[in-house]
2 protein chains.
Amino acid sequence: MDNRAKLLEQALHLFAQRGYDAIGVQEIVEHVGVTKPTLYHYFGSKRGLLEALINERLQPLIDRLAQATSNANDVPASLATIFQLYFDFAQAEPLLYRMQLAMWFSLPDNEAFQIVAVSSAQQQALLESFFVRASSFHGNMRGRQRVYAATLLGTINTYIGLWLSGAVQATPQIIHQAVQQFSYGIYS
Amino acid sequence: MDNRAKLLEQALHLFAQRGYDAIGVQEIVEHVGVTKPTLYHYFGSKRGLLEALINERLQPLIDRLAQATSNANDVPASLATIFQLYFDFAQAEPLLYRMQLAMWFSLPDNEAFQIVAVSSAQQQALLESFFVRASSFHGNMRGRQRVYAATLLGTINTYIGLWLSGAVQATPQIIHQAVQQFSYGIYS
DNA sequence: CTTTCTCTATACCGATAAGTATAGAGAAAG
DNA sequence: CTTTCTCTATACTTATCGGTATAGAGAAAG
């Protein structure tokens, strides 16, 4: 593992534990055992470090979501796939998911929020596009795709939060319940 | 408005805009037009300032929640009251609600999280107790009260987040939909 | 009047923030 | 061999961080 990868890994651990703002560049390089110019050589700035982390590690989630939302013929099946996909990703990258969740809920003028906002907007856009295309099967959306996408992510994150805190296990039953709970809002 | 109240007000604005960690004590006192010893006279520390903010301004929410959860005879009616109560509070104190939401989702080792965790735990406890008492009407809870309380708060916060971002209005219909969506998970 | 208490300002503390100028080590390319 | 490029360390910058020692102003209490 080269220094670049070590820096990303350590930054993830520290950001996910205490938050982006609370962690100094010095602290990251000390944990890795290098010095600041090494970090600035690879990433240019603290912000660039977080951007690299988000872009490289969160991209697989976006890619899989793009695939799962590409077909809107069978909405219930796609929803189940989407929920499963998020659970799988959160289980594979718990630190990353926890970090991006915290940053997504941080405030608008916060630097971390603005960096994560890019990938969050991508997820939101993919879901909205999915719901628009599903409207041929479920009537005209009339702008509701935005609310649907947001409540879908909200439901997903509620259950993933529950799993991250150890309150539930990631069983097929729980995932099914999450899908059903969201679906109630959509089909009613 | 005395300096103490001004400091609390300005701290709320700044914390809700950029986050607790991103705001320095100096910045707060400059906006108010006083100096640091004034702030430290009233609050002792930056942490004390946030604690005062949370304790004083979030207490009405806790109090109303305690009242709304005191009776578990009519669960659907209580749920509607609880949702309404949170919406009313978020509308009356949008900055405060946004701030506590961000802090609740911030990371475990973060100072802001630990301060907000106290009042969050109170809300969680009131809801869990409500569900336990409701079990006489809905069968044994068998530990599910924790999941119920968390998904209830998750549903509430999803809809309030939607309202805070301007995606929905706080109409009775939306509140009813939120109640129904949560209820689906409970009665199914 | 004097003492006491509450509140606030000036000026400072050591520590840390993000970021950089300079230089050198080592490998690769000519 | 020399040049060039990539990577990293020492040592430093300026600004800000949370917090405080000291002192004074003004009101209240005796």
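Protein chains get the first letters and strands the later ones, always in sequence-line order, with residue 1 at the start of each.
Note on B:Arg4 versus B:Glu9: no salt bridge recorded, every NZ/NE/NH1/NH2 to OD/OE distance being 4.0 Å or above. A salt bridge does not link B:Glu128 with B:Arg146: every distance from a Lys NZ or Arg NE/NH1/NH2 to an Asp or Glu carboxylate oxygen is 4.0 Å or more.
Inspection of the B:Gln177 and B:Tyr159 side chains reveals an N or O donor paired with an N or O acceptor under 3.5 Å. Judged purely by distance below 3.5 Å, without hydrogens or angles, the side chains of B:Asn157 and B:Tyr97 pair a donor atom with an acceptor atom.
Residues B:Ser129 and B:Thr69 fail the side-chain proximity criterion, which asks for heavy atoms closer than 4.5 Å.
Put simply, CZ on B:Arg18 is 12 Å from P on D:dT16, counting in whole angstrom units.
With sequence neighbours left out, A:Phe105 forms a ring-ring contact (aromatic ring centres under 6.0 Å, His included) with B:Phe105.
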State the dot-bracket string of DNA chain D. Criteria: Watson-Crick or G-U wobble, both atom distances under 3.5 angstrom; notation: ( ) intrastrand, [ ] crossing earlier pairs, | interstrand, . unpaired. ||||||||||||||||||||||||||||||
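By the 6.0 Å and 45° rule, B:Lys46 does not stack over the aromatic ring of B:Tyr40.
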Base-contact (B) and sugar-phosphate-only (S) positions in nucleotides 4-19 of chain C, heavy-atom cut-off under 4.0 Å, - elsewhere: ---SBBB------SBB
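Put simply, the side chain of B:Lys6 never gets that close to the backbone of B:His31: no donor and acceptor are under 3.5 Å apart.
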